[in-house]
Amino acid sequence: MGKRILSYWADKTEQKEQEANFGPRTVVCRNQEEFNKVLEEFNYKMVSPGGASDKLHVSRSYIHQLEKEGKIRVYRVWDEDLDWDDCQFG
């Protein structure tokens, strides 16, 4: 199974702006518990939009375009208290 793309928001203003770009396959985790379940489900094989663009040799904006068109599944995380140091990625 391939890697899933992970994205996150810095604040609620950015969240509202980004919601317009969601595609039909965008999944939003609303807290760390939901996010941890996703990480475990995919054995921590997640990559950021920048990481995905680097691996595919395309721009980050193209990755976001693919999300909006529903061509890729993206897991977005919204939790102001998310502790990234506690997250382990594969």
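Sequential numbering from 1 along the given sequence is applied to the chain's residues.
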Subject >> Test log, rule side chain to side chain contact (heavy atoms under 4.5 Å, CB included), inputs Tyr62 and Leu56 >> reply: CA-CA 10 Å; Tyr62 184 65; Leu56 297 173; over 6 Å; no
Original post:
Please walk me through it: do Arg76 and Val27 pass side chain to side chain contact (heavy atoms under 4.5 Å, CB included)?
Top reply: CA-CA 6 Å; Arg76 292 186 173 266; Val27 177; over 6 Å; no
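Atom CZ of Arg60 is separated from atom CG of Asp54 by 11.5 Å, given to the nearest 0.5 angstrom. Put simply, CD on Glu67 and OG1 on Thr26 are 3.5 Å apart, with the number rounded to the nearest 0.5 Å.
You'll find the side chain of Val47 reaches within 4.5 Å of the side chain of Lys55, heavy atoms only.
No donor-acceptor pair under 3.5 Å is formed between the side chain of Asn43 and the backbone N or O of Lys45.
Minimum heavy-atom separation, Pro24 to Gly70: CD-CA, 3.6 Å. Taking every heavy atom of both residues into account, Ile63 and Ala52 meet most closely at CD1-CB, 4.1 Å.
Aromatic ring centres of Tyr75 and Phe35: separated by at least 6.0 Å.
Applying the side-chain contact (heavy atoms from CB on, under 4.5 Å) test to Glu69 and every residue at least two apart in sequence or in another chain returns Gln65, Leu66, Lys71. With sequence neighbours left out, the side chain to side chain donor-acceptor pair (under 3.5 Å) criterion links Ser53 to no other residue.
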